[in-house]
Amino acid sequence: MTYYNNDTICALATATGGALSIIRISGPDSLRIICSVCKSITEATPPNTVTYTDIRDDEGNPIDDVMVSVFHSPHSYTGENSAEISCHGSRYIASKIVSLLISHGCRQALPGEYTQRAYLNGKLALDQAEAVADLIASTNAATHKLALSQLRGNISSELADLREKLLKLTSLLELELDFSDHEDLEFADRSELLLLAQTINDHIGSLTRSFETGQAIKQGIPVAIVGKTNVGKSTLLNSLLHEERAIVSAIHGTTRDTIEDTIDIQGITFRFIDTAGIRLTTDDIEQIGISRTFAAIGKARIVLWLIDSIPTPDDFQDMRTRCKGKALLIVRNKSDLLSPSDQMESGAVAKVVGNAFTPVFISAKTGQGIGSLEDAILRAADIPPLHASNVIITNARHYEALCRAHTHLLRVIDGLQQQLSGDLLAEDLRLTID
């Protein structure tokens with residue numbers, strides 16, 4: 001703590017190559033240092049204002065015309081005295097200013113040190129500090145909403161009320177221990193505690209289950225495109241990506257390995273995996289590709305089974321078995337060549353085998369039906385509405401902590417049902433709260 005409180009740090013806060021660069025200074029000597037390099041800035045400069053001035057080197061030579069913002073503790077991002085210098089986006093200018101600040105007493109900031117100081121100085125909770133990195137790394141609307149929700153403290157708020165109730169009941173249990181010589185004295189209602197513990201446990205269970213969804217949103221929801229050779233899998237991938245990503249050929253077995261790329265559908269990233277066509281073959285390399293197709297099915301959350309003719313019920317059953325626990329979408333390709341009776345027959349076969357999805361008819365070559373397919377993929381992903389108040393766990397540390405709380409709370413519930421003594425219950429409650 002002494003190390004961080006005594007140092008004044010500086011760093012470039014923006015990526016190079018833009019029109020403007022921003023350099024941040026934070027620490028106890030921030031005001032003295034900014035005054036020494038910008039003569040128009042003085043100790044009397046009002047905080048939370050922007051001043052147009054120039055910045056000069058130690059020989060008095062101008063480096064750049066800049067805009068300087070000054071912030072006084074505790075009203076800054078880090079909670080310390082700080083300043084921000086907005087200069088032109090030249091890499092040379094930015095490095096000259098940083099070098100000048102270091103020569104006047106600053107230290108180059110470590111990665112993430114500004115957010116670390118904000119946490120240490122009580123400006124951000126730990127989950128909010130962790131959300132800063134997620135917000136910076138957000139690549140689509142969904143990851144942005146999740147990071148922003150966490151940055152606003154929604155996860156902490158979600159658990160604060162439950163934690164407060166547990167603290168109250170824990171205190172009552174511990175109070176009983178102070179009067180343990182009075183065996184008939186009971187401050188905490190056991191039935192009320194059991195009901196509350198079960199309610200909180202259900203809540204924690206819901207949050208931990210959301211982690212899988214959160215990880216899928218952050219990393220992209222994996223979608224495997226599978227089917228026999230020459231049904232149009234690579235053409236479909238190219239159509240979805242709007243570029244020639246995969247080689248398309250009439251030769252059977254052209255795709256020998258998985259090809260992967262991502263697209264956004266209504267703000268959510270999907271990772272599409274084009275796979276080798278499934279067929280009987282004696283080609284050793286093609287067999288390896290087919291085995292990787294089955295591996296891709298295992299890793300996928302959604303499987304697009306692309307067909308261009310009516311599969312047999314056995315084919316349906318085999319695919320359903322391989323895709324157990326996953327969303328299976330039957331996609332009938334080359335619909336521009338189908339008659340209405342062919343479409344009805346495809347739907348009838350799907351219903352016979354009891355598939356939850358009626359086929360989606362597309363033409364990967366012409367783009368017909370691709371919008372309907374994207375809508376079907378979005379529904380199959382089953383992502384809950386990402387409202388500002390909706391909490392989805394995306395951080396592995398949060399997930400692990402919730403799992404530990406869940407384990408201790410199960411022991412509390414078991415102990416209450418077995419009518420264990422208050423000291424044992426209180427210990428597990430404390431561990432749950434921690």
Side-chain angles (χ1 to χ4, degrees), residues 79 112 115-116 118-138 142-175 187-219 382-417 422 424-434:
T115 300
Q116 183 183 47
Y119 166 66
L120 292 174
N121 291 324
K123 300 296 289 186
L124 294 173
L126 182 55
D127 64 311
Q128 292 174 299
E130 290 167 324
V132 172
D134 287 343
L135 191 61
I136 293 170
S138 60
T143 52
H144 171 260
K145 283 183 180 179
L146 290 178
L148 201 58
S149 171
Q150 187 177 326
L151 185 60
R152 288 174 174 169
N154 285 356
I155 291 178
S156 300
S157 300
E158 184 85 4
L159 301 176
D161 181 55
L162 302 178
R163 183 178 183 276
E164 201 62 36
K165 291 176 180 177
L166 280 176
L167 274 172
K168 180 181 177 181
L169 288 167
T170 304
S171 301
L172 291 173
L173 279 172
E174 291 175 348
L175 186 61
F187 290 97
D189 187 320
R190 296 299 194 274
S191 60
E192 179 188 350
L193 180 55
L194 178 59
L195 180 62
L196 179 63
Q198 290 171 334
T199 301
I200 295 174
N201 190 54
D202 290 342
H203 204 145
I204 291 175
S206 175
L207 289 173
T208 53
R209 285 191 297 273
S210 75
F211 180 67
E212 183 181 353
T213 298
Q215 286 295 289
I217 291 174
K218 283 182 70 173
Q219 298 172 10
D382 196 25
I383 301 298
L386 301 178
H387 302 306
S389 59
N390 194 21
V391 175
I392 295 177
I393 301 301
T394 61
N395 186 295
R397 186 186 68 82
H398 301 170
Y399 173 72
E400 183 186 353
L402 285 166
C403 287
R404 290 201 305 270
H406 173 68
T407 299
H408 294 303
L409 202 51
L410 285 176
R411 290 174 61 181
V412 171
I413 293 170
D414 186 55
L416 285 166
Q417 291 171 339
L424 297 175
L425 295 174
E427 175 63 22
D428 281 321
L429 279 169
R430 281 287 172 189
L431 290 170
T432 303
I433 290 166
D434 290 341

Check the surroundings of atom CD in Gln417: do more than 12 heavy atoms from other residues, nucleotides or ligands lie under 6.0 Å from it? yes
Which atoms form the tightest heavy-atom contact between Ala131 and Ala147, and what is the distance? CB-O, 3.7 Å
Could you walk me through whether Glu158 and Asn154 pass side-chain contact (heavy atoms from CB on, under 4.5 Å), step by step? CA-CA 6 Å; Glu158 184 85 4; Asn154 285 356; over 6 Å; no
Answer whether the closest heavy-atom distance between the side chains of Arg411 and His408 falls below 4.5 Å. yes
Ignoring hydrogens, what is the shortest heavy-atom contact between Arg152 and Gln128? Give both atom names and the distance. C-NE2, 3.8 Å
Measure the OG1-CG distance between Thr115 and Leu120 for me, rounded to the nearest 0.5 Å. 11.0 Å
Between Glu427 and Leu431, is there a side-chain heavy-atom distance shorter than 4.5 Å? yes
Under the criterion salt bridge (Lys or Arg N to Asp or Glu O under 4.0 Å), I'd like the reasoning laid out for Arg404 against Asp434: C-alpha separation, chi angles, the key distance, then a yes or no. CA-CA 10 Å; Arg404 290 201 305 270; Asp434 290 341; over 6 Å; no
For the student: nearest non-hydrogen atoms of Leu135 and Leu148, plus distance: CD1-N, 4.1 Å
So CD of Glu130 and CG of Leu124: to nearest 0.5 Å the spacing works out to 11.0 Å
Test your reading of the model: is there a side-chain donor-acceptor pair from Gln150 to the backbone of Asp127, 3.5 Å cut-off? yes
In terms of heavy-atom contacts, does NZ of Lys123 have more than 12 from other residues, nucleotides or ligands at under 6.0 Å? yes
Sorted by chain and residue number, the ring pair (Phe, Tyr, Trp, His ring centres under 6.0 Å) partners of Tyr119 (sequence neighbours excluded) come out as none
Looking at Asn395 and Arg397, would you say the former's side chain and the latter's main chain have a donor-acceptor pair under 3.5 Å? yes
In Å and rounded to the nearest 0.5 Å, what is the CD1 to CG distance from Ile413 to Leu425? 11.0 Å
How many angstroms lie between CG in Asp428 and OG1 in Thr407, if you round to the nearest 0.5 Å? 10.5 Å
When you measure from the side chain of Ser206 to the backbone N and O of Asp202, does any donor-acceptor pair fall under 3.5 Å? no
Considering only residues two or more places apart or on different chains, which pairs with a residue in residues 208-217 satisfy side-chain hydrogen bond (donor to acceptor under 3.5 Å, both in side chains)? Gln215-Gln219
Interatomic distance, Leu409 atom CG to Asp414 atom CG [nearest 0.5 angstrom]: 11.5 Å
Of all heavy-atom pairs between Val412 and Leu429, which one has the smallest distance, and what is that distance? CG2-N, 3.8 Å
Do the non-hydrogen side-chain atoms of Ile433 and Leu167 ever get within less than 4.5 Å of each other? yes
To the nearest 0.5 Å, what is the distance between CZ on Arg163 and OG1 on Thr432? 11.5 Å
Indicate yes or no: at least one non-hydrogen side-chain atom of Ile393 is less than 4.5 angstrom from one of Ile155. yes
For Ala405 and Ile204 the tightest heavy-atom approach is CB-CD1, 4.1 Å
Heavy-atom closest pair, residues Ile200 and Leu166: CD1-CG, 3.5 Å
Taking Ser149 for the side chain and Lys145 for the main chain, is one N or O donor matched with an acceptor at less than 3.5 Å? no
Leu402 vs Leu159 side-chain heavy atoms within contact, under 4.5 Å: yes
Thr394 and Ile217, any side-chain heavy atoms less than 4.5 Å apart: no
Considering only heavy atoms from C-beta outward, does the side chain of Thr143 approach that of Asp134 to under 4.5 Å? no
